[in-house]
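Beneath this line is the structure, given in structure tokens, with notes to follow.
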Amino acid sequence: MATPLHKMRNFGIVAHIDSGKTTVSERILYYTGKKHKIGEVHEGGTTTDWMKEEQERGITITAAAVYATWRDHYLNLIDTPGHVDFTAEVERSCRVLDGAVVVFCAVAGVQAQSETVWRQANKYKVPRLVFVNKMDRSGANFDRVVEQVKERLNGNPVPIQMPIGAGDEFTGMIDLIDMKYYTFEGDKGEDQIEHEIPEQYKAEAEKRRAKMVDAVAGEDEALTEKYLESGTLSNADILVGLRLGTQHYKIQPKLCGAALRNKGVQKLLDAVIDILPDPKSAHNMTQFAVDDITHANPMPTVCDPKAPLRAMVFKIMSMPAIGDVSFVRVYQGTIKEGDQLICAQSGKSERASRMIKLVGATPNKVEEAPAGDIMAIVGLKNTITGDTLVHPTDPNPMLLEGITFAKPVITMAIEPKSNADKEKLAYALARLEREDPTFKKWVDPETSQLIVAGMGELHLEVLQHRIRDEYKVDAVVGKPKVSYRETVSKSIEIRGKHVKQSGGRGQYGDCILNIRPLTDEEKRAGNEFIFLDSIRGGTVPKEFRKPIEEGVRNALARGYIAGFPCINVHVELIDGSYHDVDSSQEAFISAGALAIREAYPKLGVQLLEPWMHVEVETPDEFTGSIMGSLQSKRAMITETAKRGPNNIIRCEVPLGEMFGYTTDLRSMSQGRAGYSMEPSEYKAVPNSMVEKLAKKAAG
């Protein structure tokens, strides 16, 4: 029997690396009865971190979907990575979730990747709870994290709990809704014991409860009236206000605990059920599907199992002993085992021959998935991440809005050790590229080397190990390289006229282009290249305008200074001419490319390099030497701050200067400092480096 929608929750755990996300997930599986033994990250025994690489490194690499039940409610839970190199996993998870639990370390507070995942949750309008973990650590400070969420994330955290003690003194928390004190007893904290609030904490608890009530009273007219009349709200009214405020992204209820010490996770589960939205009431369900042919006529999705099917493939992965697994969120309609399906983007057929739910790497068969549910289909061949699945009988198939991913910033060459490994390597890379939208491969046309690209050193290193361990391919890899780019700084009008007459039919293509840099607004919208057809009339027939764009793209991809792709360019086709006999698509491709090549010397082309936001946390005695080392790497220091006993250095550094920095930092700080980084933007390369890179490209 299908779970009623109001008893279903789809939520994810997101956070900066090492905040305790996977530990929280493990406790959830244990307390909900999905596991009889708690696995620990440091022992490599967790359920959601089932890959060999995850167990060896003690980090989450790929988002893992699991399911469980709590208080007669059905939970679909996704545990996501915290490392910036695997940020695509958070991106795709946020796209399909109805809610999120953002985990912060009570000592470190808001860190670099915390900001990234918060922005991703904002982008996809995901309601969220905040869980301050590691309250048992020395230096833990719940209130400091509240202030950091306000200041650095522009959030509105509303504490609904008050921690009792911190560090070794952390014993439990006061629930500010029911005004009870809770401790967690038993070997694994499974016994949640309710107590009256100790006398010495009553006044502070009352004060904090009043602040919470004040924050939620304005979420509904009826609540506001009750509050103004009586000066307070009932427990039921408070929950209504928390639910409404969370669903409208106005507030983020804030809880605390220590997952490793088994404290506070049951109360977090209660909050997921009481506060986070079900699929029907979730605001990110008011998504629109568009006509599959014209990409127009948007229609809202309806969370109704009987409506025409609209489901999204949000993740693909190859799993040992199972095969290709496609994770699917059903937005409307129902998928039943054995159903014929159509990928709306490509029109290709698929079949839901085997449907499963996963707990880590363990599959459990399901026979149907109604609107609001998340499950996986084994063996889909013709779909990629972001594709929409519909039924073949649907007279009006519609596309759901896809998922956008960051572009790779780092490349390296890879080749098989022997000819015998050549085909195996090609197969492995094709599989990995299908799984991971931020991993790309291509053959360099000049060197004939096979190039792979990803989001960072760790990303490429993990993929390299997977090629070796999962696909049994011996490969030789080069050193990582930065993905430089080129751009234009001036505007120009240029003609590209390609005319050839060498006996027989000639070639004639002629176009006039306006070329300029993209505006900041165009770049903020995610554009790297815009082609605008402004021809009115028949000076260039329609069938030749796309070829002009193709020629322009080809020439921009080859760059000018050092052969790197030219980005952030706006090209407007304003005029041209054609020949009745000699014009062809090929001639206009050549004309478009010729216009760009002739324009390059006049466009003020600049070489760009990717810069990173870097955050270093270090004990005080190493701060000076670490700042000196960063400045030698062309770093721009933006902020220094205190975080508990440590200093925080925030800066921006060119990615090319950060290779091998983990080792450097360890040796400078006796292994006591750590850092994280995330992409910032592309900036101009210094002139001294431009000459070197240009010579290298020519050489």
Side-chain angles (χ1 to χ4, degrees), residues 15-20 41-42 56-59 61 81-87 104-116 134 137-141 144 148 152 409-410 412 454-462 464-465 477-482 609-681 683 685-686 688-689:
H16 181 92
I17 192 167
D18 204 29
S19 297
V41 173
H42 54 270
E56 287 177 356
R57 294 171 186 271
I59 61 170
I61 289 170
H83 197 287
V84 66
D85 283 20
F86 310 107
T87 191
F104 294 95
C105 169
V107 181
V110 175
Q111 297 167 275
Q113 188 65 6
S114 314
E115 297 183 37
T116 304
K134 302 192 178 185
R137 288 260 310 272
S138 173
N141 189 322
R144 184 176 65 223
Q148 287 180 351
R152 291 190 58 188
V409 294
I410 186 171
M412 70 182 183
M455 297 304 294
E457 282 183 282
L458 180 61
H459 187 201
L460 291 183
E461 188 184 321
V462 165
Q464 182 189 337
H465 287 186
V477 297
K479 286 188 176 176
K481 292 181 182 176
V482 175
E609 61 182 336
W611 279 58
M612 310 296 283
H613 286 299
V614 176
E615 184 179 286
V616 181
E617 182 167 358
T618 174
D620 192 51
E621 62 262 40
F622 308 115
T623 303
S625 57
I626 288 172
M627 283 184 79
S629 80
L630 286 168
Q631 283 160 344
S632 73
K633 294 177 179 295
R634 298 191 282 136
M636 293 168 58
I637 309 290
T638 55
E639 185 186 2
T640 55
K642 291 290 285 183
R643 183 182 284 157
N646 292 338
N647 287 336
I648 303 298
I649 305 164
R650 295 191 184 98
C651 56
E652 293 192 353
V653 192
L655 174 62
E657 303 282 357
M658 293 300 288
F659 291 152
Y661 190 61
T662 303
T663 308
D664 295 347
L665 191 62
R666 273 198 202 117
S667 61
M668 273 188 288
S669 65
Q670 298 166 17
R672 292 167 62 197
Y675 82 102
S676 61
M677 64 181 186
E678 62 167 340
S680 171
E681 61 182 326
K683 294 183 184 180
V685 171
S688 57
M689 285 182 61

Can you confirm whether more than 12 heavy atoms, excluding those of R152, are under 6.0 Å from its CZ atom?
yes
Does atom NZ of K479 have more than 12 heavy-atom neighbours from other groups under 6.0 Å away?
no
Nearest 0.5 angstrom please: E115 CD to Q111 CD, how far?
10.0 Å
Take a 6.0 Å sphere around NZ of K683 and say whether it holds more than 12 heavy atoms from other residues, nucleotides or ligands.
yes
Answer yes or no: is there a side-chain heavy-atom contact under 4.5 Å between K642 and N647?
yes
Atom pair CD1 (I410) and CE (M455), whose distance is rounded to the nearest 0.5 Å
10.5 Å
Please give me the minimum heavy-atom distance between V653 and A635, naming the atom from each residue.
CG2-CB, 3.6 Å
On a heavy-atom basis, the closest approach of R634 and W611 is O-CH2, 3.4 Å
Interatomic distance, CD@E681 vs CD@E652, rounded to 0.5 Å, equals 6.0 Å
I'd like to know if E657 pairs up with K633 as an ion pair, taking the criterion as any Lys NZ or Arg NE/NH1/NH2 lying under 4.0 Å from an Asp or Glu carboxylate oxygen.
no
To the nearest 0.5 Å, what is the distance between OG (S629) and CD1 (I649)?
8.0 Å
Working to the nearest 0.5 Å, report the span between CD of E639 and CD1 of I637.
11.0 Å
For F622, enumerate each residue passing the ring-ring contact (aromatic ring centres under 6.0 Å, His included) test, keeping only those at least two apart in sequence or located in another chain.
none
With the side chain counted from C-beta on, respond yes when M627 and T640 share a heavy-atom pair under 4.5 Å apart, and no when they do not.
yes
Check: S680 side chain, H613 main-chain N or O, donor-acceptor pair, under 3.5 Å
no
Least distance between heavy atoms, A673 atom then I626 atom
CB-CD1, 4.0 Å
Between CZ of R650 and CE of M636, what distance do you get to the nearest 0.5 Å?
16.0 Å
Show the nearest heavy-atom pair for residues S114 and F104, with the distance to one decimal.
CB-CE2, 3.8 Å
Of all heavy-atom pairs between P480 and M412, which one has the smallest distance, and what is that distance?
CA-CB, 3.9 Å
Ignoring hydrogens and geometry, is there a side-chain-to-backbone donor-acceptor pair from R144 to V107 under 3.5 Å?
yes
Does E609 form a side-chain contact (heavy atoms from CB on, under 4.5 Å) with L655? I'd like the steps, not just the answer.
CA-CA 8 Å; E609 61 182 336; L655 174 62; over 6 Å; no
Please name the pair of heavy atoms, one in L630 and one in C651, separated by the smallest distance, quoted to 0.1 Å.
CD1-SG, 4.0 Å
With a 4.5 Å cut-off on side-chain heavy atoms, are E621 and Q670 touching?
no
